[in-house]
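Quick notes on the structure that follows.
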Number of protein chains: 2
Amino acid sequence: MTGNFAYQKKRVEKLRELMDENRIDAFLVPTGPNFFYFTGFETESHERLTLMFITMDDQFILAPKLMEEQLHLHSWVEDVRPWTDEQNPHKMARDYLEKGNASLVAIDGLLPYFHYAPLFHNSSSKEILGDSYTMALRMVKDREELENISTAVRKSEEALKLTLDFVSDGVTEKAVAGKLQENFEKKGLDMPAFGSIVAAGENSSVPHHTPSDRKIARYEPIIIDFGGRYGGYASDTTRTFYIDRAKPDMEEIYEIDREAQETTIEALNPETTYADADRIAREVISRKGYGANFIHRLGHGLGISVHEDPYLVPDNKELMKENSVFTIEPGIYLPGRGGVRIEDTVYFQNGKCRPFNSFPKSINYI
Amino acid sequence: MTGNFAYQKKRVEKLRELMDENRIDAFLVPTGPNFFYFTGFETESHERLTLMFITMDDQFILAPKLMEEQLHLHSWVEDVRPWTDEQNPHKMARDYLEKGNASLVAIDGLLPYFHYAPLFHNSSSKEILGDSYTMALRMVKDREELENISTAVRKSEEALKLTLDFVSDGVTEKAVAGKLQENFEKKGLDMPAFGSIVAAGENSSVPHHTPSDRKIARYEPIIIDFGGRYGGYASDTTRTFYIDRAKPDMEEIYEIDREAQETTIEALNPETTYADADRIAREVISRKGYGANFIHRLGHGLGISVHEDPYLVPDNKELMKENSVFTIEPGIYLPGRGGVRIEDTVYFQNGKCRPFNSFPKSINYI
């Protein structure tokens, strides 16, 4: 076992408080983001049943024999119960639940049906979806998580700076995305959190554009939306650039978008909700006549997953939560002409919204 | 719609034969490998419900509005039923099943529990896991599939060759994995089929080791387990290398492992089962005293997924199937000291086992 895993242990204790309140006897967590969150062990999900069992007074991991050594090295959970190819892991799991008299079982939503069916068809226990509990926990970040996200953001901004030297008239969107990827690795970031978006000219009016062979030209908008991963945590940032200068209509929407983004960050306080954030940004843009061109939500939570709670959408009336982490990314898109998006990742702490980002938001000329 | 999708349509017809035999009224396929197999449309699975419905006389796709256009372009299924953010896609799906009087519904095993719960809790239909039917189809590859896998293997071996120039005393495991990734791209392979394993020294005794900052040194084993993707199909190969020479104990287990691998490939014929393959390799290794150090199955099927049927395990008593594709990858692991693994991807055709690989298996010095 490496490290003391104090944060991971505390997260399991907090889950137990929720289990107690909701009379949940057992919580089942397959490999994936929540498994990493509770055990410290990062692994892809695969077909061999690997399940963490959390009960009110115990925790253990049912895992294929070949993962046993790694689990002992990289997680704090001492009780690893290996299964071999001669055994039936689903039956083992059912036996554990029966012996423990688990009548209400919460299941992580990522459990695939091919594991669910042999585990729970004809089972006597009642099952519920556990995601609302785990997401409530994951939404409030602890110090270790804030530090990892902060490092991911800082290193990815450094990678962006290196990449800008490479952006010039005639270079393709794809080449810029490739160079960015290379610089992520140079800066010690793990696999990127998502495929970077590089969108030039009219492509910048499509929010989820995939980098293409289109060449970048002077004066047009270049949206770069990028993220890396550090210590298992994602970053997510967007900046919009122009070579030499921006055309007047694009400069106009840039300044409106920047005002919306900065006004929102400053306006947030313990009395505002995530819906308020979306409304405030939308009002700034609407007042200037571009309300119909801001065609997506204001932002999303960020952590182990690139998209997680809280979502900054009109129907999320929850008050800003201390140490929640989310993006603020208004955009204005003029179809066929071009667009702008400015995105910071922020955390809410001591009544204020604080960006992890330090890359300038004044209009960016290359 | 691009292409004629003749193979994809034939696969759906074959599924209907199985549905008919087993009185299945509806087959539900979420985005993922089977969705690609039946529709030709490759997309990651995501949180927004996207489901192909296959009944005895119809097929359609329930999909988020924003995927509608792409589905029309890249799949042959004409009936796409889009849902918007104001609608409840799970209720829509339940209504389709009720209207169609579907009493027995087969569900693709990859459907995550967070979709399963709102679709089927308290439903009146009986559900079964559909994977045995789809895997029976996918296990037998058609010509298009064999060609794609062959290309994926060939190009990934070329990428490995380029990478070996870079492997030397003092280079980290991570750097080798990064270079391999770069060379996959150079060779025109899509995103790798899985994260490459580069494991040096004592790390090579951990079958699923993740590349680390550990530096590679002379004489010690370096296991490289790698795969790329071509046309939606995966490759999977492992070779073990040594800089300059191998220490005697490591050379000994290398030669035993090679004998086990090659003996098995030659021994397979229409009368042998997948279990026999595992047994034959295990016998060679056990005879030399290392049976307890071969701690995983002999191999697994390969295709759209990196792990699929057939599995080469002691309880798979099925006879070798014509045009099935699988890996043969015995390994010997001495905890804390080091290990060896040699893996080819092979197809079974005209009574013989034929490797797609051509990279040498004689002991590999760099």
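Here is the naming used below: chain letters follow the sequence lines, and residue numbers restart at 1 for every chain. Keep in mind the model is a prediction, meaning the values are calculated, not measured.
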Contacts of A:Ala106 meeting side-chain contact (heavy atoms from CB on, under 4.5 Å) (sequence neighbours excluded), chain-then-number -> A:Ile24, A:Phe27, A:Ile128
How far apart are the closest heavy atoms of B:Gly109 and A:Pro112, and which atoms are they? O-CB, 3.4 Å
Shorter than 4.5 Å, heavy atoms on both sides: which option in B:Val306, B:Val206, B:Ile107 has the most such pairs with chain A? B:Ile107
Shortest non-hydrogen contact from B:Ile295 toward A:Leu66: O-CB, 4.5 Å
Kindly provide each donor-acceptor pair between chain B and chain A shorter than 3.5 Å, listing atom names and distance.
| residue | atom | partner | partner atom | Å |
| --- | --- | --- | --- | --- |
| B:Gly109 | O | A:Tyr113 | N | 2.9 |
| B:Gly109 | O | A:Phe114 | N | 2.9 |
| B:Leu111 | O | A:Tyr113 | N | 2.8 |
| B:Tyr113 | N | A:Gly109 | O | 3.0 |
| B:Tyr113 | N | A:Leu111 | O | 2.8 |
| B:Phe114 | N | A:Gly109 | O | 3.0 |
| B:His208 | O | A:Gln70 | NE2 | 3.1 |
| B:His307 | ND1 | A:Glu47 | OE1 | 3.1 |
| B:Tyr311 | OH | A:Glu47 | OE2 | 3.0 |

